[in-house]
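Below is one structure, written out as structure tokens; the observations come after it.
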Amino acid sequence: MALLPVKFDLKKRVKLAQTVWFMYWFAVLAGVLVLSMGLFFKIELRKRSELMDNNESHFLPNLLILMGLIACSINVFGGKVCYDSLDPDKFAKWKPMLKTYLVFCVGFNALLLVTAVLCFLMRIPMQFTLAEGLRNGMRYYKDTDTPGRCYMKRTLDLMQIEFRCCGNDNYRDWFEIQWVSNRYLDFSSKEVKDRIGSNVDGQYLMDGVPFSCCNPSSPRPCIQAQMTNNTAHYSYDHYTEDLNVWKRGCRDALLSYYGGMMNTIGALVILVTMLEASVTVGMQYVHSSLCNLANPEDPESESEGWLLEKTVKETFTDIMDKMKSMGKGIKVEEGDPAVETVS
């Protein structure tokens, strides 16, 4: 017994083919949208590639680009088939490959759904990627003369200004690393010698942050040096005063930005998946209704279209039986004495 059978006459078949054809072109635009989202996300990652330069970060945008290209291709093909289905002679050349095409579409829809799920889960690996990238970026902030790291200072400064953040978790992260290059330190100064000598690693640490951490909305001039020294600034108490540097860590700020972007992309991909599933169902009805004409020589005769030729349980059983028979066939070939090599 067929699943969800529907009776069609010529008028209904034509209307169905025209509707599905129209939906296919919407699906082509949806494929372009998925492709565009992948390109946009890839460009956004490239802006901060020095902080997130790993294969995991670029896997998802590459997958979105691939899904967009495949969606455009299969939907253009489906639209052409629907258009030709109005002419029995033209449809005859597509008929032998439609079953394979529909199976491919089902597999593609499943992969598209997996892509949407990955968009929502992207936040988890990105959290660790950002934490490691920001730590390394802050460590290399001072290396403006080192090849491969000379742009790190510019990258971090622009990022902290754009996202209104400071440090990895907060502004105090800058207190734990040397972010001032040795070329700008006066090693004859007692203060510099004392700071370097008091540190086990021989680094010049200070309770200050780069200028990019400053909040321009603060009415007071930015206090970015000797931030924990109350006597160094007039009418200042770092325990109680609202500091005029950004208090939010850049990892949290970037994670919120990219996480929101991926949630939006994931939601749009789910909508695209629903559209793709709809056109696949429509194409199945077009295919089955044309294959089941009561009189194949009379295009105006009635026919029955269905979603599946059998019930879901029967279809699943048939698939499992085919897979088992294929497995047995492979085993027979492997155990055939005729193909064994004589030692």
Side-chain angles (χ1 to χ4, degrees), residues 45-54 57 127-255:
L45 289 179
R46 282 186 178 273
K47 289 181 181 178
R48 276 160 279 275
S49 60
E50 294 172 307
L51 302 176
M52 297 186 295
D53 189 13
N54 56 51
S57 297
Q127 183 174 1
F128 298 101
T129 300
L130 285 172
E132 181 181 359
L134 286 169
R135 278 196 299 268
N136 291 333
M138 292 172 65
R139 190 184 308 126
Y140 302 144
Y141 182 88
K142 67 181 186 301
D143 300 336
T144 52
D145 296 329
T146 305
R149 302 176 185 173
C150 52
Y151 294 107
M152 188 59 73
K153 177 183 180 300
R154 179 178 179 273
T155 299
L156 282 175
D157 283 335
L158 290 176
M159 179 193 67
Q160 292 189 144
I161 293 171
E162 179 182 355
F163 289 93
R164 300 184 176 186
C165 59
C166 185
N168 191 343
D169 294 317
N170 55 61
Y171 69 92
R172 288 185 172 272
D173 292 333
W174 289 106
F175 297 177
E176 301 172 2
I177 63 169
Q178 179 182 336
W179 55 272
V180 178
S181 176
N182 287 338
R183 66 184 296 189
Y184 301 114
L185 296 177
D186 181 8
F187 287 95
S188 64
S189 169
K190 183 179 183 301
E191 180 188 353
V192 173
K193 289 181 179 179
D194 289 344
R195 284 185 180 273
I196 293 177
S198 63
N199 188 273
V200 177
D201 297 328
Q203 293 185 331
Y204 180 76
L205 305 182
M206 60 180 184
D207 53 346
V209 297
F211 78 97
S212 53
C213 284
C214 293
N215 181 355
S217 300
S218 174
R220 179 169 186 161
C222 185
I223 297 175
Q224 64 181 99
Q226 301 187 60
M227 296 177 65
T228 59
N229 185 0
N230 293 335
T231 61
H233 312 282
Y234 176 74
S235 184
Y236 175 74
D237 184 355
H238 77 279
Y239 289 110
T240 59
E241 184 164 330
D242 189 17
L243 300 178
N244 50 9
V245 297
W246 303 117
K247 301 173 187 61
R248 189 183 191 186
C250 289
R251 180 177 61 175
D252 181 57
L254 287 171
L255 194 62

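Source: prediction; values computed, not measured. Heavy atoms only: backbone and side chains are in, while hydrogens, waters and symmetry mates are out.
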Write down the atom of Arg48, the atom of Leu254, and the distance for their closest heavy-atom approach. CD-CD2, 3.9 Å
Arg251 and Asp173: CA distance, side-chain angles, deciding distance, side chain to side chain contact (heavy atoms under 4.5 Å, CB included) verdict: CA-CA 12 Å; Arg251 180 177 61 175; Asp173 292 333; over 6 Å; no
Contacts of type side-chain hydrogen bond (donor to acceptor under 3.5 Å, both in side chains), residue Lys142, not counting sequence neighbours: none
Take Met152 and Asp143 through the side chain to side chain contact (heavy atoms under 4.5 Å, CB included) test and state the conclusion after the steps. CA-CA 8 Å; Met152 188 59 73; Asp143 300 336; over 6 Å; no
Using the disulfide bond (SG atoms under 2.5 Å apart) criterion, which residues pair with Cys150? Sequence neighbours excluded. none
Please check this pair: side chain of Trp179 against backbone of Gly208, looking for a donor-acceptor N/O pair closer than 3.5 Å. yes
For the CZ atom on Phe187, are there more than 12 heavy atoms of other groups (residues, nucleotides or ligands in this structure) within a distance under 6.0 Å? yes
On a heavy-atom basis, the closest approach of Val245 and Met227 is CG2-CE, 3.8 Å
So with a 6.0 Å cut-off around CD of Glu132, is the heavy-atom count from everything else above 12? no
Kindly write out the residues that satisfy side chain to side chain contact (heavy atoms under 4.5 Å, CB included) with Ile161, not counting sequence neighbours, or none if the list is empty. Phe211, Ser212
On a heavy-atom basis, which atom in Asn168 and which in Arg135 lie closest, and how many Å separate them? ND2-CG, 3.4 Å
Where do Met206 and Val180 come nearest, in terms of heavy atoms and distance? CE-CG2, 3.5 Å
So how far is it from Met159 CE to Cys166 SG, rounded to the nearest 0.5 Å? 9.0 Å
Provide the full list of ring-ring contact (aromatic ring centres under 6.0 Å, His included) pairs with a residue in residues 136-171, sequence neighbours left out, each pair given once. Tyr141-Trp174, Phe163-Tyr257, Tyr171-Phe175
Can you check whether Val209 reaches Gln160 side chain to side chain, under 4.5 Å on heavy atoms? no
Out of curiosity, Leu134 CG to Thr129 OG1, how far, rounded to the nearest 0.5 Å? 10.5 Å
Among residues at least two apart in sequence or on other chains, which ones pass side-chain hydrogen bond (donor to acceptor under 3.5 Å, both in side chains) with Gln224? none
Shortest non-hydrogen contact from Cys165 to Ala253? CB-CB, 4.1 Å
Quick one: do Arg195 and Glu191 make a salt bridge, cutoff under 4.0 Å? yes
When rounded to the nearest 0.5 angstrom, what distance separates CZ in Arg154 from OG1 in Thr144? 14.0 Å
CD1-OH distance between Ile196 and Tyr204, expressed to the nearest 0.5 angstrom: 8.0 Å
Side chain to side chain contact (heavy atoms under 4.5 Å, CB included) involving Gln226 - partner list, sequence neighbours excluded: Asp207, Asn229, Ala232, His233
Under the 3.5 angstrom rule, does the side chain of Asn244 hit a backbone N or O of Arg220 as a donor-acceptor pair? yes
Greater than 12 external heavy atoms within 6.0 Å of Arg248's CZ: yes
